[in-house]
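Structure record follows, encoded as structure tokens.
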Amino acid sequence: MPAFPHSTTSSPTAIAVPPSLSLPVIEAAFPRQVHPYWPRLQEKTRTWLLEKRLMPADKVEEYADGLCYTDLMAGYYVGAADEVLQAIADYSAWFFVWDDRHDRDIVHGRPAAWRRLRFRLHAALDSPRDHLHHEDPLVAGFADSMVRLYSFLPRTWNARFARHFHEVIEAYDREFRNRVEGIVPTVEEYLALRRRTFAHWIWTDLLEAGAGCELPEPVRSHPAYRRAALLSQEFAAWYNDLCSLPKEIAGDEVHNLGISLIKHEGLTLEEAVAEIRRRVEECIAEFLVAEQDALRLSDELADGTVHGKELSAAVQVCVRNMRNWFSAVYWFHHESGRYRVDSWDDRSTPPYVDNEAAGEK
């Protein structure tokens, strides 16, 4: 499968997917899409990371493009206005950097630094303009992302996004405590926590920004729409677990569906891998059914009025991009340097992170 045809990181190459991670149905039934703005997107997000001091200049130069963060978003929010996609891509890059800071605070035993960051992010989420020049680049970068994302849709959407991200921050705090204390959540506990740490509803909210339309609550909560949205996100979270299980076992991690299955269900490693893969494949099959239900909902919304026509079109865009999430996530895991652990000098320290005591000042 060729990488994006205009990649600035390398010439198009065939990506070799390990048999244990190969999903022929994704490669056959979910054609890969890419927003035409992508080459510019990659360049501008790289510049944004530098300007906001979210990654050291040498790390940006050596690793930013190869991490493929913009590839992931350009393959998901297809059809979004360029400025919307840019804001989403910068926010997504910020999210990965935040995830790395969270991990480093755990690894280096910095609970006080994490606690400060947690409270600052809650505050910046509610009043981003007040935090644009915060001393911690991670807080300032987050505030910049929020000011931009909040500018596209009405205040009701902003309030919903903020509510969902407050939950994500608290879920990251629960994960912090679990890792420090060595607590492996049960399967059901893990699945509930994962929906928040993976930010299921954040990426779903952003589908509306990409479509340029806030969907009314009866549409968002309609079983057909909500199930398709949830399945697209569950696939991403569980496929990530499948790809990262060996690395996370080696790193004494406690948050992975496979680790919960081994710890609490008594499965062997091989059985856990098979079970995650079964869930992933079941998720794909169920989405193909849910997708049709959601598209029928879209048809029903076209009631002959201008509003109905616009709403129907917006739902179609969102559902098409739910589908795009499958291929975007799948190829991201095989192209991004974030998952090439075997090439790292130290498997416990990603080469693209700033391993200094950020946030301790």
Side-chain angles (χ1 to χ4, degrees), residues 1-18 21 34-35 37-76 85-108 117 136-142 144-145 198-199 236 239-240 243-244 246-248 250-251 253 328-359:
M1 180 72 177
F4 287 160
H6 304 295
S7 173
T8 60
T9 56
S10 63
S11 58
T13 55
I15 302 302
V17 180
L21 303 176
V34 60
H35 197 292
Y37 180 67
W38 173 73
R40 181 71 173 143
L41 180 74
Q42 184 184 58
E43 176 187 337
K44 292 192 73 171
T45 293
R46 189 192 318 123
T47 299
W48 186 78
L49 287 168
L50 278 171
E51 290 177 347
K52 298 303 175 183
R53 297 181 294 120
L54 290 168
M55 290 176 68
D58 61 329
K59 302 288 187 184
V60 171
E61 177 66 26
E62 187 170 358
Y63 298 107
D65 289 355
L67 289 169
C68 300
Y69 296 159
T70 56
D71 304 44
L72 179 63
M73 294 297 109
Y76 186 19
L85 182 61
Q86 188 66 63
I88 292 174
D90 290 350
Y91 165 73
S92 171
W94 173 89
F95 201 115
F96 281 111
V97 174
W98 175 50
D99 185 74
D100 292 333
R101 169 84 73 84
H102 176 259
D103 177 70
R104 294 296 94 187
D105 281 349
I106 294 168
V107 169
H108 294 297
L117 178 58
D136 185 340
L138 202 64
V139 176
F142 177 64
D144 179 78
S145 292
F198 200 83
Y239 190 68
N240 176 269
C243 292
S244 60
K247 169 178 72 78
E248 293 184 344
E253 248 284 12
V329 164
Y330 181 74
W331 293 111
F332 171 68
H333 278 84
H334 303 297
E335 294 175 352
S336 173
R338 193 173 181 87
Y339 302 100
R340 295 184 190 143
V341 183
D342 290 339
S343 68
W344 301 354
D345 292 336
D346 178 356
R347 291 173 64 91
S348 68
T349 305
Y352 49 82
V353 301
D354 180 359
N355 207 39
E356 300 301 318

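Comment: R46 does not engage E43 in a salt bridge, judged by the lack of any side-chain N to carboxylate O separation of less than 4.0 angstrom.
For the side-chain contact (heavy atoms from CB on, under 4.5 Å) test, residues two or more places apart in sequence or in another chain that qualify with A140 are H134.
Atoms NE2 and CZ, on H35 and R40 in that order, are 14.0 Å from each other to the nearest 0.5 Å. Expressed to the nearest 0.5 Å, how far CH2 of W331 lies from CG of L72 amounts to 14.5 Å. Remark: K52 NZ to T47 OG1 distance equals 12.0 Å, nearest 0.5 Å.
Residues D136 and R101 meet the side-chain proximity criterion, which asks for heavy atoms closer than 4.5 Å. Taking the side chain as every heavy atom from C-beta outward, H333 and L21 never approach each other to under 4.5 Å.
A328 and Y76 make their closest contact through CB-N, 4.3 Å (heavy atoms, listed as atom of the first residue, atom of the second, distance). When all heavy atoms are compared, the tightest approach of C68 to E335 is SG-O, 3.8 Å.
Put simply, the side chain of S336 never gets that close to the backbone of F332: no donor and acceptor are under 3.5 Å apart.
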Residues 85-99, side-chain donor-acceptor partners within the protein, below 3.5 Å, at least two apart:
residue, atom, partner, partner atom, Å
Q86, OE1, Y37, OH, 2.9
Q86, NE2, T45, OG1, 3.0
Q86, NE2, D90, OD1, 3.0
D90, OD1, T45, OG1, 2.7
D90, OD2, R148, NH1, 3.0
D90, OD2, R148, NH2, 2.8
W94, NE1, L138, O, 2.8
D99, OD1, Y172, OH, 2.7
D99, OD2, R338, NH2, 3.1

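The aromatic rings of Y330 and Y239 sit tilted, their planes meeting at an angle between 30° and 60°.
Residue L41 is tested with V34, D71, T70 for a side chain to side chain contact (heavy atoms under 4.5 Å, CB included); the sole match is T70.
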